[in-house]
*Asks:* 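Sharing a structure here in structure tokens format.
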Amino acid sequence: MTTPDSDGLLAEQLLRLTRRVHRIQKHHLERRGLGVTPAQSRLLRTLAHCDSPPRMADLAARLEVVPRAVTTLVDGLEASGKVRRVPDPANRRVIRIEVTDDGHKALRELRAARRSAAEEILAPLTNEQRAVLGGLLDTLVDGPPAHLHGV
């Protein structure tokens, strides 16, 4: 059984790890000279997982941010040639955002930077410890199995 103190310590450790992950990823991004901020990186990754070019409002919903924040991110990525605004073929008043060839190249570099950051963070762990950590993280991300919470 856990105590409030141990739960508080775990929460603090998770927050510290999250900050460390972000700091190391940012460092790896800067070293590659992509000129992409972490927020722009997240938007590009989100675009890459869309079946078709989304509207700005769709991106804002997926990223859980206000539409104005997406506009600013898209403006920066468009200025650097990584995305472009395109009219919707069915309704010319609707603008969609698509990844350019430069954007796809940046995505490959971003994936490599994230892998490098993960390798750096996980370096002290053995393969067995990594497997245990992966299982624990899956449980935290996905929640407990359905049979454990009465579903």
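Reckoned from all heavy atoms, side chains included, excluding hydrogens, waters and symmetry mates.
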*Asks:* Counting neighbours of CG on N127 that are heavy atoms of other residues, nucleotides or ligands and sit closer than 6.0 Å, is the number greater than 12?
*Replies:* no
*Asks:* Taking all non-hydrogen atoms of both residues, which atom of L44 and which atom of A106 are closest, and how far apart?
*Replies:* CD1-CB, 4.3 Å
*Asks:* Decide yes or no for S116 and Q25: does some side-chain heavy atom of the first lie under 4.5 Å from some side-chain heavy atom of the second?
*Replies:* no
*Asks:* Does the pair K105/D102 count as a salt bridge with the N-to-O cut at 4.0 Å?
*Replies:* no
*Asks:* Within a strict 4.5 Å, meaning less than it, do heavy atoms of the R92 and D88 side chains meet?
*Replies:* no
*Asks:* Given side chains that start at C-beta, do those of M56 and V74 come closer than 4.5 Å, heavy atoms only?
*Replies:* yes
*Asks:* Is a salt bridge present between R19 and E12, judged by a nitrogen-to-oxygen distance below 4.0 Å?
*Replies:* yes
*Asks:* Heavy atoms only: give me the nearest R62-C50 pair and the separation to one decimal.
*Replies:* NH1-SG, 2.6 Å
*Asks:* Let me check something: do L122 and L137 share a hydrophobic cluster, defined by ILVMFWY side-chain heavy atoms less than 4.5 Å apart, either directly or through other members?
*Replies:* yes
*Asks:* Which atom names give the shortest non-hydrogen contact between L125 and Q129, and what distance separates them?
*Replies:* CA-OE1, 3.3 Å
*Asks:* Evaluate the side-chain contact (heavy atoms from CB on, under 4.5 Å) criterion for residues V86 and I95: first the C-alpha distance (whole Å), next the side-chain angles of each, then the deciding distance (0.1 Å), finally the verdict.
*Replies:* CA-CA 6 Å; V86 294; I95 300 297; over 6 Å; no
*Asks:* Linking I/L/V/M/F/W/Y whenever their side-chain heavy atoms sit closer than 4.5 Å, directly or via other members, would I97 and V65 fall into one cluster?
*Replies:* yes
*Asks:* Is there side-chain contact between Q40 and S80, with heavy atoms separated by less than 4.5 Å?
*Replies:* no
*Asks:* Does the side chain to side chain donor-acceptor pair (under 3.5 Å) test come out yes or no for H27 and E120, once each step is laid out?
*Replies:* CA-CA 11 Å; H27 172 74; E120 182 178 331; 5.9 Å; no
*Asks:* Is L17 reachable from I24 through a run of hydrophobic residues whose side-chain heavy atoms are each under 4.5 Å from the next?
*Replies:* yes
*Asks:* Taking CD in Q13 as the centre, count heavy atoms belonging to other residues, nucleotides or ligands within less than 6.0 Å. Is the count above 12?
*Replies:* yes
*Asks:* So, applying side-chain contact (heavy atoms from CB on, under 4.5 Å) with V83, which one of L73, L77, D75 is it?
*Replies:* L77
*Asks:* For residues L63 and L110: do they belong to one hydrophobic cluster (side chain heavy atoms under 4.5 Å, members Ile, Leu, Val, Met, Phe, Trp, Tyr)?
*Replies:* yes
*Asks:* Might you work through the side-chain contact (heavy atoms from CB on, under 4.5 Å) test for S52 and E98, ending with a clear yes or no?
*Replies:* CA-CA 8 Å; S52 61; E98 68 180 14; over 6 Å; no
*Asks:* Any chance you could measure R42, atom CZ, to L47, atom CG, to the nearest 0.5 Å?
*Replies:* 12.0 Å
*Asks:* Are the side chain of R55 and the backbone N or O of V94 linked by a donor-acceptor pair below 3.5 Å?
*Replies:* no
*Asks:* Search all heavy atoms of P38 against all heavy atoms of K26 and return the closest pair with its distance.
*Replies:* CG-CG, 4.4 Å
*Asks:* Is the shortest distance from a Lys or Arg side-chain nitrogen in R85 or E78 to a carboxylate oxygen in the other one below 4.0 Å?
*Replies:* yes
*Asks:* Just checking D101: does its CG atom have more than 12 heavy atoms from other residues, nucleotides or ligands closer to it than 6.0 angstrom?
*Replies:* no
*Asks:* Less than 4.5 Å apart, any side-chain heavy atom of T18 and any of H22?
*Replies:* yes
*Asks:* Using 0.5 Å steps for rounding, measure from the CG atom of L9 to the CG atom of L14.
*Replies:* 9.5 Å
*Asks:* Do S41 and R45 get their side chains close enough for a donor-acceptor pair, meaning under 3.5 Å?
*Replies:* yes
*Asks:* Run through R32, K82, R114, R31 and flag the one making a salt bridge (charged side-chain N to carboxylate O under 4.0 Å, His left out) with E109.
*Replies:* R32
